[in-house]
Asks: 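Pasting a structure below so you can have a look.
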Amino acid sequence: MSLWSVRTRALIGAIVASGAVAAGVLVSPSTIVGTVDTVAADPILFGLLVAGLYLVRPLLAWPTTPLAAVVGYGFGVPVGVPIALCGVVVTVFPVFVAARWLAAGASGEDADAALLERAGTAVARYYETAGPLRGVTASRLAPIPSDVATCAAAVSGVGCRQLVLGTVVGELPWTVAAVVVGASAATVTANGLEGIGVALSLACAAAAVLLLAGPAYRRIRTESRSPTDGTGRSTDS
């Protein structure tokens with residue numbers, strides 16, 4: 001018998017998620033980002049602040065893009081891009097581990113386990129079609145919350161290597177754009193991220209679609225041919 005039941009894991013997950021959302025509402029990125037100017041002149045203090053922001057980000061359910069703008073404001077583009085990418089990779093791991101722990105309890109025959117298993121069917125099918133690395137990359141390119149993509153990867157059994165590589169590649173255009181906006185800002189603000197614009201969101205979404213087009217086409221073609229394949233046999237017994 002598992003030490004942590006499915007119901008207990010789900011309850012813990014719900015409490016943590018609710019707390020993160022509440023904290024994110026009470027402590028918005030703009031509130032914290034507005035204090036960056038006071039420490040930007042001290043590279044060591046600014047570096048510690050950036051590290052702290054990335055570490056607490058999962059607890060506050062913040063998006064990663066505003067933090068990349070903060071990095072760009074303090075470190076500039078050449079140094080800021082690799083720092084921001086490292087920060088994204090570090091900050092997704094707590095969410096990844098927590099989601100995998102919750103998913104590990106979704107085995108059994110009770111109603112809660114069955115519900116969680118059904119909820120993960122679509123995600124599992126997505127990663128089965130796209131593959132782990134391509135699937136993570138496309139989910140990062142798509143304009144969806146980072147934590148949602150991380151949880152989907154975790155419950156689908158994506159490995160740490162695929163998570164890291166897919167995150168770096170998929171988050172690269174978002175990170176570069178945010179760092180450039182932050183580096184060009186006279187005063188860093190969360191509202192300055194509007195400079196990234198709709199064009200980048202559309203471009204990244206289109207790139208994600210193109211990345212998935214090949215696997216999706218092959219999957220559809222295979223499934224459409226299966227019933228009429230002359231070499232196939234009925235699986236009914």
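Only heavy atoms go into these numbers, but all of them, side chains included; no hydrogens, no water, no symmetry mates.
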Asks: Show, in sequence, the C-alpha distance, side-chain angles and deciding distance for L85 and V89, and conclude whether the side-chain contact (heavy atoms from CB on, under 4.5 Å) test is met.
Replies: CA-CA 6 Å; L85 283 175; V89 171; 5.7 Å; no
Asks: What heavy-atom pair brings G170 and P173 nearest, and what distance separates the two atoms?
Replies: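 So the two residues come closest at O-CD, 3.6 Å.
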Asks: Of all the heavy-atom pairs spanning V77 and P82, show the shortest one and how long it is.
Replies: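 In this case the closest contact between V77 and P82 is O-CD, 4.5 Å.
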Asks: If you measure from CG on D42 to CG on L49, what distance do you get to the nearest 0.5 Å?
Replies: 11.0 Å
Asks: So how far is it from Y126 OH to R219 CZ, rounded to the nearest 0.5 Å?
Replies: 13.0 Å
Asks: Testing the basics here: between A208 and A138, what is the closest heavy-atom pair and its distance to 0.1 Å?
Replies: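 So the minimum-distance heavy-atom pair works out to CB-O, 3.5 Å.
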Asks: How far does OG of S139 sit from CG of L212, to the nearest 0.5 angstrom?
Replies: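 Atom-to-atom, S139:OG and L212:CG are 9.0 Å apart.
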Asks: Is it possible for you to say whether L53 and L55 belong to one hydrophobic cluster, with membership spreading through side-chain heavy-atom contacts below 4.5 Å?
Replies: no
Asks: Over all heavy atoms of both residues, which pair between A183 and G76 is shortest? Give the atoms and the distance, please.
Replies: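 Minimum heavy-atom separation between A183 and G76: CB-CA, 4.2 Å.
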Asks: Run the numbers on R100 and V95 for side-chain contact (heavy atoms from CB on, under 4.5 Å), then give the verdict.
Replies: CA-CA 8 Å; R100 177 154 290 183; V95 179; over 6 Å; no
Asks: Would you mind reporting whether V81 and F75 have side-chain heavy atoms less than 4.5 Å apart?
Replies: no
Asks: Nearest 0.5 Å please: distance from the OG1 atom of T167 over to the CG atom of L172.
Replies: 12.0 Å
Asks: L211 and I220: same hydrophobic cluster, using ILVMFWY side-chain contacts below 4.5 Å?
Replies: no
Asks: Looking only at side-chain N and O atoms, does R140 offer a donor or acceptor that is under 3.5 Å from a partner on T150?
Replies: yes
Asks: On a heavy-atom basis, which atom in L200 and which in A177 lie closest, and how many Å separate them?
Replies: CD2-CB, 3.4 Å
Asks: Measure the spacing between CZ of F96 and CG of D147 and express it to the nearest 0.5 Å.
Replies: 13.0 Å
Asks: Is there a path of hydrophobic side-chain contacts, each under 4.5 Å between heavy atoms of I/L/V/M/F/W/Y residues, joining I83 to W62?
Replies: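 Yes; tracing contacts between hydrophobic side chains, which count when under 4.5 Å, links both residues.
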Asks: Using atom types as modelled and distance alone, determine if a side-chain donor or acceptor of T91 lies under 3.5 Å from a backbone N or O of V88.
Replies: no
Asks: With a 3.5 Å distance limit and no angle check, can you tell me whether W174 reaches the backbone of P143 through a side-chain donor-acceptor pair?
Replies: no
Asks: Among the clusters formed by ILVMFWY side chains lying less than 4.5 Å apart, do L133 and V164 turn up in the same one?
Replies: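 They do not share one cluster, since no chain of ILVMFWY contacts under 4.5 Å joins L133 to V164.
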Asks: Treating Ile, Leu, Val, Met, Phe, Trp and Tyr as nodes and any side-chain heavy-atom pair under 4.5 angstrom as an edge, say whether V136 and V123 lie in one connected cluster.
Replies: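 Linked within one cluster.
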Asks: Which is it for F93 and L163 under the side-chain contact (heavy atoms from CB on, under 4.5 Å) test, yes or no, and what are the steps along the way?
Replies: CA-CA 9 Å; F93 263 101; L163 177 73; 4.3 Å; yes
Asks: Tell me, do S146 and E171 make a side-chain contact under 4.5 Å, heavy atoms counted?
Replies: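 In short, these two side chains touch, coming nearer than 4.5 Å.
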Asks: Report yes if some heavy atom in the side chain of Y73 is under 4.5 Å from a heavy atom in the side chain of S184; otherwise report no.
Replies: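 Contact flag for Y73/S184 side chains = no.
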Asks: For residues A207 and L141, report the shortest heavy-atom separation together with the two atoms involved.
Replies: CB-CD1, 4.0 Å
